[in-house]
Amino acid sequence: NITIEDTLSSVEITLNNIDTGDQTIITDRFTVDVPSGTPQPVNDLIDDLEYWEDQFNLELIQFENLPANASFIIKVTLESGIELVKETNAVVFI
């Protein structure tokens, strides 16, 4: 079970190239919407718990060198060591 005391430890976003199977960590290409209105890099907000809620929006901000067919895998690790992993459906970049 996840409790309110079980805080966010890390967020990792991986790009999965569906055609080749290659995987690349691209967390630095995403920002998180914050109440101040200025999106912040994911890694900059890990220690700033006031911005993390039970849901948050990620935005891909760097599109260079993305494969035509890809999916994204997000792994959230909590302080207790629990890992939550989810993969998106295939995304086709034109």
Side-chain angles (χ1 to χ4, degrees):
N1 290 339
I2 300 170
T3 65
I4 194 71
E5 293 83 26
D6 203 356
T7 57
L8 194 62
S9 175
S10 68
V11 175
E12 180 180 277
I13 304 168
T14 301
L15 174 73
N16 178 40
N17 183 325
I18 293 173
D19 296 329
T20 66
D22 293 339
Q23 293 188 345
T24 306
I25 296 172
I26 62 166
T27 310
D28 60 343
R29 292 183 177 213
F30 284 84
T31 60
V32 176
D33 290 335
V34 295
S36 69
T38 305
Q40 298 293 314
V42 174
N43 291 328
D44 289 356
L45 292 177
I46 294 299
D47 293 328
D48 200 347
L49 295 177
E50 72 178 277
Y51 292 118
W52 295 104
E53 299 179 11
D54 57 352
Q55 297 180 14
F56 50 89
N57 293 319
L58 297 170
E59 181 177 353
L60 180 63
I61 58 169
Q62 294 178 10
F63 297 89
E64 299 82 18
N65 302 315
L66 294 177
N69 298 302
S71 64
F72 297 95
I73 302 165
I74 184 166
K75 178 172 71 172
V76 175
T77 305
L78 304 176
E79 290 292 336
S80 66
I82 293 173
E83 292 183 346
L84 308 167
V85 180
K86 184 72 175 172
E87 184 170 2
T88 67
N89 292 329
V91 178
V92 178
F93 292 98
I94 300 174

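Everything quoted here is computed from the prediction, not taken from an experiment.
Nearest approach of L60 to L66, heavy atoms of both residues: CD2-CD1, 3.8 Å. Nearest approach of V76 to V11, heavy atoms of both residues: CG2-CG2, 4.4 Å. Contact between F93 and A70 at its shortest, heavy atoms only, is CE1-CB, 4.2 Å.
Taking OG1 of T14 as the start and CD1 of I74 as the end, the distance is 9.5 Å to the nearest 0.5 Å.
When side chains are defined from C-beta on, P67 counts as touching L15, because their heavy atoms get closer than 4.5 Å. The shortest side-chain heavy-atom distance between I73 and V85 falls under the 4.5 Å cut-off. Taking the side chain as every heavy atom from C-beta outward, V32 and Q40 never approach each other to under 4.5 Å. Using a 4.5 Å heavy-atom cutoff, the side chains of S9 and L78 are not in contact.
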Passes side chain to side chain contact (heavy atoms under 4.5 Å, CB included), I25 versus I13? Steps please.
CA-CA 6 Å; I25 296 172; I13 304 168; over 6 Å; no
Stepwise side chain to side chain contact (heavy atoms under 4.5 Å, CB included) test for I82 and L84:
CA-CA 7 Å; I82 293 173; L84 308 167; 4.1 Å; yes
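Judged by distance alone, the side chain of N16 and the main-chain N or O of I18 form no donor-acceptor pair under 3.5 Å. Judged purely by atom type and a 3.5 angstrom limit, T88 uses its side chain to pair as donor or acceptor with the backbone of F72. Checked by atom type and distance alone, the side chain of R29 pairs as donor or acceptor with a backbone atom of E64 at under 3.5 Å.
Heavy-atom neighbours of N65 CG from other residues, nucleotides or ligands within 6.0 Å: at or below the threshold of 12.
For the residue pair E87/S71, the side-chain donor-acceptor check at 3.5 Å is satisfied.
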